[in-house]
Amino acid sequence: MSPQFTSPGAHSSSPTFSSSSSSSSSSFSSASDRRLNALVRHLATEESSPMDSISASPTSAHADSVFAHVVRGPEDPILGVTVAYNKDHSPHKLNLGVGAYRTEEGKPLVLNVVRKAEQNLVNDMSRVKEYLPIVGLADFNKLSARLILGADSPAIQENRVTTVQCLSGTGSLRVGGEFLARHYHERTIYIPQPTWGNHTKVFTLAGLSVKTYRYYDPATRGLNFQGLLEDLGSAPAGAVVLLHACAHNPTGVDPTLEQWEQIRQLMRSRALLPFFDSAYQGFASGSLDADAQSVRRFAADGGELLLAQSYAKNMGLYGERVGALSIVLKTAEVASKVESQLKLVIRPMYSNPPIHGASIVATILKDRDLFNEWTIELKAMADRIISMRHQLFDSLRAKGTPGDWSHIIKQIGMFTFTGLNPEQVAFMTKEYHIYMTSDGRISMAGLSSRTVPHLTEAIHAAVTRVA
Ligand code: PLA
């Protein structure tokens, strides 16, 4: 039986909806017409007191927004550079802000091997779009842990590693931070000074208290190793320490292997818990294994650690948001209990991760030919960045730009920490349409042979004309 609605006063002269239904219309449509007509009459009745209360209600169309007091937030210091760049109409504009790889032609790059993997996935009619488990794609997790810890990792063989697929590097850091805030006794995390700008926000919002340790020495444009050892040496026992696995952002300064060894010994002796951020594996040296050495040394001593991985840069999967959080633990039993708690962190946050990007990565990592092809493309990206360093260095030297620019070729990874101050950066943006973060970081991956002369002109003008 159709639902019936009775409307008091349906015979009145208020405006009515004419029914578009034919004479054979069902009792349902005439009933719903009556209901709509009653509503229209109700809303049109001026002296109706419920109407008064609607217009006076803060969420009605007539009142001011309940969010009128909200103040405009600042743009993100890194992603906001792209927003400003997009508004600039100059044909000479150059975006060296966000770390995003560009070709020699200045175009974004989708790796060939990624195109192939996607083709395989599209052609596979057995694939479905069901939800992934809370922890993500099993193959992806297993292969990601192997990629960073090494195929022969004892921790993996002994099932002491739990890996969960997360929303790229950022999501992995956040899930790790939330887990620590809930289940770890020491809520302080030490991050390098300086570091990627988002670290402080991610960990603070996760519920940790953020402190810094000395890392970079502006005088030498290198590592402040003594300061680092002192600060970690006086951190409270058990504190978490964020370490950039390689290609430190923004400085491009990494510890040597000997220095890593000293850091490891100090941290283990003080029971400091390492949390590695690996956003650039393969991008620093061009070798996936070489760039994983810091992490592997810590894992090899049998101690515990957290590890956030991103495939944004090394597979060019920026917008696919694909990454992983691994936690290396003492026993398989602890690992499985920790995983059960990671699921409780993830489920109310985003339920389960997206399937496409992780499937691309798993397809590439499990096929020997695709994997080899990836390493070749990755090396080509790293080599192009290294060659940009040499071209910019040579070009500044040839122009006689005042200053020692050797740090451009000594630093490693996607960025050069130029030493330019915020005023010089603002000048370069205004006069030369070159966009970069105000701390003087430039993304070498955004540079090409074609744009090196323009950047050289701009740097030269900035250092000779702006104090
Ligand atoms: N960790 C570090 C050290 C990073 O530099 C970045 C990205 C991430 C994590 C997070 O990357 P993901 O979430 O995309 O995997 N840093 C970029 C982009 C490249 C950004 O700021 O979001 C940067 O320009 O610094």
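Indexing begins at 1, ligand by ligand and atom by atom, following the structure's order.
- Residues A247 and A284 share a closest heavy-atom pair of CB-CB, 4.0 Å.
- Here atom 15 (O) of ligand 1 lies nearest to S168 when heavy atoms of S168, G171, P77 are compared.
- Residue-to-ligand polar distances keep Y318 apart from ligand 1: every N/O pair is separated by 3.5 Å or more.
- At least one N/O-N/O distance between G169 and ligand 1 falls below 3.5 Å.
- Judged by a 6.0 Å distance limit and a 45° cone about the ring axis, K366 is not positioned over the six-membered ring of F371.
- H248 places a side-chain N or O within 3.5 Å of a backbone atom of P194 that can act as its donor or acceptor partner.
- Atom 18 (C) of ligand 1 has V98 CG2, 3.9 Å as its closest protein atom, hydrogens excluded (heavy atom only).
- Ion pairing between D88 and K93 fails under the 4.0 Å rule for side-chain N and carboxylate O.
- Residue contacts with ligand 1 for M414 are absent, since no atom lies close enough (heavy atoms, distance under 4.0 Å).
- At the top of the distance list for atom 14 (O) of ligand 1, counting protein heavy atoms only, stands R321 NH1, 2.9 Å.
- Relative to the ring axis of F417, R441 does not place its NZ or CZ within 45° and under 6.0 Å from the centre.
- For atom 21 (O) of ligand 1, the nearest protein heavy atom (residue, atom name, distance) is W196 NE1, 2.9 Å.
- Taking atom 7 (C) of ligand 1 as the reference point, the nearest protein heavy-atom neighbour is K313 NZ, 3.1 Å.
- Y280 OH, 3.6 Å is the protein heavy atom nearest to atom 4 (C) of ligand 1.
- With F179 as the aromatic partner, R174 does not meet the cation-pi criteria of under 6.0 angstrom to the ring centre and within 45 degrees of the ring axis.
- Shortest contact from atom 13 (O) of ligand 1 to any protein heavy atom: T170 OG1, 2.5 Å.
- No cation-pi contact links K313 to F283, judged by a cut-off of 6.0 Å to the six-membered ring centre and 45° from its axis.
- The shortest heavy-atom contact between M381 and N314 is CE-O, 3.8 Å.
- Closest to atom 2 (C) of ligand 1, if we only count protein heavy atoms, is D277 OD2, 3.4 Å.
- The shortest N/O to N/O separation between H244 and ligand 1 does not fall below 3.5 Å.
- Proximity of a side-chain donor or acceptor of E431 to a complementary backbone N or O of M428 within less than 3.5 Å is not detected.
- Residue R441 places a heavy atom less than 4.0 Å from ligand 1.
- Using a 4.0 Å cut-off between a side-chain N of Lys or Arg and a carboxylate O of Asp or Glu, K107 and E105 do not qualify as a salt bridge.
- Checking only distances, G99 does come within under 3.5 Å of ligand 1, N or O to N or O.
- Close contacts between ligand 1 and A312 involve ligand atoms 14 (O), 15 (O) [criterion: under 4.0 Å to a heavy atom].
- Which parts of ligand 1 touch S310 is read off a 4.0 Å heavy-atom cut-off, strictly below it: atoms 12 (P), 15 (O).
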